[in-house]
A.B. asks: 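Structure in C-alpha cells, see below.
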Amino acid sequence: MDIFDVNMSIRKGWMNPESITNLEDLITKNYSNITGIVISKNVHLVYEKYFDRYTKDDLVHVASVTKSITSILIGIAIDKGYIKNIEQKVLEFFPDYTIRRGEKYIQLITLKHLLTMTAPYKYKSEPYTKVYSSDDWVKSALDLLGGKNEVGEFNYSTIGTNILSGILSNATGQSVSDFATQNLFKPLGIDAPKPTFIQNKEDYLAFLKDKYVTGWIADPKGVNTAGWGLTLSPRDMIKIGQLYLNGGRWNGKEILSTKWIVDSTMEKSRWRELSYGYLWWILKDGYAALGDGGNIIFISPQKEIVIAIASRFMPRTKDRIELIRSHIMPMFQ
C-alpha cells in the first residue's frame, strides 16, 4: 500500500494498550493545551485521539507550522517553473519596489536567505503591531529587510517570512490560498481554508487565544500570511507529514518533487544546537514543522512514522520533542 488514507480504520497492534493509557493520562495531566494527536506508521493510521472536547473536524491555529507549508508551496512553484530557483534575488519579484537611498544588503538577499532564516532586518525585535496594522504586510516586511547587518547569519523572522507570500503571489499570478488549494490542499483532500482578516491588535490576540478558529489570516490586500495564521486539523497535519515521508507522492501522483523534500530537510543554517533547512527544523532523529504553543508535524524517515500534534496557544508550553522522544516513540520499540 503506497497511499495514506486517514479515513481508514486504525490499525490495531502497533501500540500497547497500557502504553496508550499511560500516554493519555500524561497528556491530560501535563499537556492540557493539546487538542489532538494523530500518528501514522508505514502509511497506516495507528493512533488518533482528541482532547479537551475537540473532535477530528476542529481546526487549530498551527502558528509557525505555516512556515513549513510555505516551504512546500515554494517548492511546488519551483517544480512548476513559476520560480527559477532559490538563488533568485528577492527584489526580482518586486520590480516596482523603491529601494531606499543607501540600501546595500537588501539587493543581495535571495529566496534562499528567506527560506533559511539568514536574511538581515532593521529591527532588534519584530514589530508585529506596526506591520499588521499596515495596509500591505508584504511591503511593510520589505521595508524592514536589509539594514546594516550582513547577509548569512541565522535570524529567525516571522514577519520576514511574509515576503515569501508576496513572491508566491507575484510569481504565480494567484493568491497564496488559491495556489495552495489547487496544488496542495485539494490533492490531499484538505478543506481549503478561507481568508480571515484581522483589523486590530484585539483581533490578533483573539485569533491566538480563541478556542475555535478557522481560515488563513490575510492582509487587507488579501495576501495570506506565510509565517503564521493558518488553521489545520491534526488529520490535515498528518497528511502533510505523510506527503513528505512518501517522497512527495499522493495516490500515485507527484505533488512535490523528492528533490525539494531532500533539500528542504537538510541542514542549511543553524541556531545554537538546532539545525534548520528550508523552513523545517532538522533533528537528529528526523525533521519537524514546529509551531508556537506546541503544534508539530514530526517525521521519522528511519522508522516511517509521522506524528501530528495540534495545540491551543499557551505560553511556555512543555517541549513536544521531549514528549515524542520520551513517551511516544518508545511505544513502537
Side-chain angles (χ1 to χ4, degrees), residues 61-75 86-87 90 105-106 108-128 131 141-142 144-165 167 208 225-230 237 240-241 244 260-302 307-309 311 313-326 329:
H61 173 221
V62 296
S64 288
V65 168
T66 309
K67 293 180 175 70
S68 301
I69 305 300
T70 299
S71 174
I72 296 173
L73 297 178
I74 292 291
I86 61 171
E87 301 297 340
V90 167
Y105 291 119
I106 191 173
L108 305 176
I109 298 170
T110 65
L111 270 75
K112 185 175 181 178
H113 294 125
L114 295 178
L115 290 166
T116 58
M117 295 294 179
T118 56
Y121 297 91
K122 304 168 186 172
Y123 56 73
K124 292 184 179 180
S125 60
E126 297 196 66
Y128 296 108
V131 171
L142 280 170
L144 295 167
L145 187 63
K148 298 180 180 180
N149 296 319
E150 292 190 21
V151 177
E153 294 185 6
F154 190 88
N155 185 16
Y156 191 85
S157 174
T158 294
I159 286 174
T161 310
N162 216 58
I163 297 169
L164 292 170
S165 291
I167 289 173
L208 294 183
T225 48
W228 67 286
L230 176 63
M237 296 164 71
I240 297 295
Y244 261 54
W260 181 260
I261 292 174
V262 172
D263 288 347
S264 63
T265 56
M266 293 178 62
E267 180 178 326
K268 299 297 190 301
S269 57
R270 196 169 184 83
W271 180 69
R272 298 178 181 176
E273 74 281 4
L274 296 175
S275 299
Y276 203 66
Y278 297 155
L279 304 181
W280 285 87
W281 291 97
I282 317 305
L283 310 169
K284 63 182 181 181
D285 47 358
Y287 51 90
L290 298 175
D292 203 4
N295 291 281
I296 182 171
I297 303 172
F298 173 86
I299 300 151
S300 172
Q302 182 179 7
I307 300 171
I309 303 177
S311 308
F313 174 77
M314 179 185 292
R316 296 178 296 280
T317 53
K318 289 182 177 291
D319 186 354
R320 298 304 192 251
I321 298 297
E322 191 277 333
L323 172 66
I324 288 170
R325 287 175 176 165
S326 299
M329 295 301 284

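Everything numeric in this text was worked out from a predicted model, so none of it was measured.
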A.B. asks: Inspect the surroundings of CD in E153 and state if more than 12 heavy atoms from other residues, nucleotides or ligands are less than 6.0 Å away.
C.D. replies: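 Counting neighbours around CD of E153, 12 or fewer heavy atoms of other residues, nucleotides or ligands fall under 6.0 Å, so no.
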
A.B. asks: Which value, rounded to the nearest 0.5 Å, describes the distance between I282 atom CD1 and E267 atom CD?
C.D. replies: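 These two atoms lie 8.0 Å from each other.
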
A.B. asks: Start with the C-alpha distance between Y156 and S64, add both sets of side-chain angles, then the distance that settles side chain to side chain donor-acceptor pair (under 3.5 Å), and finish with yes or no.
C.D. replies: CA-CA 11 Å; Y156 191 85; S64 288; 3.3 Å; yes

A.B. asks: Aromatic ring centroids of Y276 and W281 under 6.0 Å?
C.D. replies: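 Y276 vs W281: aromatic centres under 6.0 Å.
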
A.B. asks: Is there a donor-acceptor pair closer than 3.5 Å between any side-chain N or O of R270 and the backbone N or O of K268?
C.D. replies: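 Not at all, since once roles are kept as given, no pair shorter than 3.5 Å links the two residues.
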
A.B. asks: Might you point out which heavy atoms bring F154 and S269 nearest each other, and give the distance in Å?
C.D. replies: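 Heavy-atom minimum between the residues: CD1-OG, 3.5 Å.
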
A.B. asks: Between W260 (side chain only) and S71 (backbone N and O only), is there a donor and an acceptor less than 3.5 Å apart?
C.D. replies: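 Yes, the answer is positive, given that a donor and an acceptor are paired below the 3.5 Å cut-off.
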
A.B. asks: So, Y287 versus S264: side-chain donor-acceptor pair below 3.5 Å or not?
C.D. replies: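 Absent: no donor and acceptor within the cut-off.
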
A.B. asks: To the nearest 0.5 Å, how far apart are CD1 in I74 and CD1 in I167?
C.D. replies: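 Nearest 0.5 Å value for the CD1-CD1 distance: 6.0 Å.
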
A.B. asks: Taking the side chain as C-beta and beyond, is there a heavy-atom pair between I309 and I324 under 4.5 Å?
C.D. replies: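 Counting from C-beta outward, I309 and I324 do come under 4.5 Å.
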
A.B. asks: Closest heavy-atom contact between I321 and L290?
C.D. replies: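 It is CD1-CD2, 4.3 Å.
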
A.B. asks: Look at the side chain of K122 and the backbone N and O of L144, then say whether any donor-acceptor pair between them is shorter than 3.5 Å.
C.D. replies: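 Looks like no, no N/O pair under 3.5 Å.
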
A.B. asks: Taking T161 for its side chain and G227 for its backbone only, find out whether a donor-acceptor pair lies under 3.5 Å.
C.D. replies: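 No, T161 side chain to G227 backbone: no donor-acceptor pair under 3.5 Å.
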
A.B. asks: Between K284 and R325, is a side-chain contact (heavy atoms from CB on, under 4.5 Å) present by the stated rule, with each step listed?
C.D. replies: CA-CA 11 Å; K284 63 182 181 181; R325 287 175 176 165; 3.7 Å; yes

A.B. asks: Would you say Q302 has more than 12 foreign heavy atoms packed within less than 6.0 Å of its CD?
C.D. replies: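 At most 12 heavy atoms, drawn from other residues, nucleotides or ligands, come within 6.0 Å of this atom.
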
A.B. asks: Verify side chain to side chain donor-acceptor pair (under 3.5 Å) between T158 and K67, making sure each step is shown before the conclusion.
C.D. replies: CA-CA 8 Å; T158 294; K67 293 180 175 70; 2.9 Å; yes

A.B. asks: I need the I106 CD1 to L145 CG distance, nearest 0.5 Å.
C.D. replies: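 Atom-to-atom, I106:CD1 and L145:CG are 4.5 Å apart.
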
A.B. asks: If you apply the rule side-chain contact (heavy atoms from CB on, under 4.5 Å), what do you find for I163 with L142, and how did you get there?
C.D. replies: CA-CA 7 Å; I163 297 169; L142 280 170; 4.0 Å; yes

